[in-house]
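Numbering of ligands and ligand atoms starts at 1, following listing order.
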Amino acid sequence: MPLYEFYCEKCRKEVSMTLTMREREKGEVACPTCGSRKLRPLVGPFFAKTSRKS
Ligand SMILES: [Zn+2]
């Protein structure tokens, strides 16, 4: 399964999760730490992962 990175607005930190496409499309994404669904995807499936500058 692909690995997705999200930013949890509740934890205020980045979280990484493996999701199926179906899970992601349905928006059934919850933070593994706090269970919040207020997650913003940091990396889309159509963006190549390059060196991150942050
Ligand atoms: Zn969280």
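For the atom pair CG (Leu19) and OH (Tyr4), the distance works out to 6.5 Å, reported to the nearest 0.5 Å. A distance of 6.0 Å separates CD of Glu5 from CD of Glu14, quoted to the nearest 0.5 Å.
In summary, of the residues considered (Arg40, Lys13, Met17), a side-chain contact (heavy atoms from CB on, under 4.5 Å) with Phe6 occurs for Met17 alone.
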Worked verdict on Thr20 versus Glu25 for side chain to side chain contact (heavy atoms under 4.5 Å, CB included) = CA-CA 9 Å; Thr20 62; Glu25 286 175 0; over 6 Å; no
What do the steps show when you test Leu39 against Cys31 for side chain to side chain contact (heavy atoms under 4.5 Å, CB included), and what is the final call?
-> CA-CA 7 Å; Leu39 298 175; Cys31 174; 3.9 Å; yes
Please report the C-alpha distance between Cys11 and Ser36 in whole Å, then the side-chain angles of each, then the deciding distance to 0.1 Å, and finally whether the side chain to side chain contact (heavy atoms under 4.5 Å, CB included) criterion is met.
-> CA-CA 9 Å; Cys11 297; Ser36 171; over 6 Å; no
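With waters neither drawn nor counted, the protein N/O/S atoms under 2.8 Å from the Zn ion (ligand 1) amount to 4.
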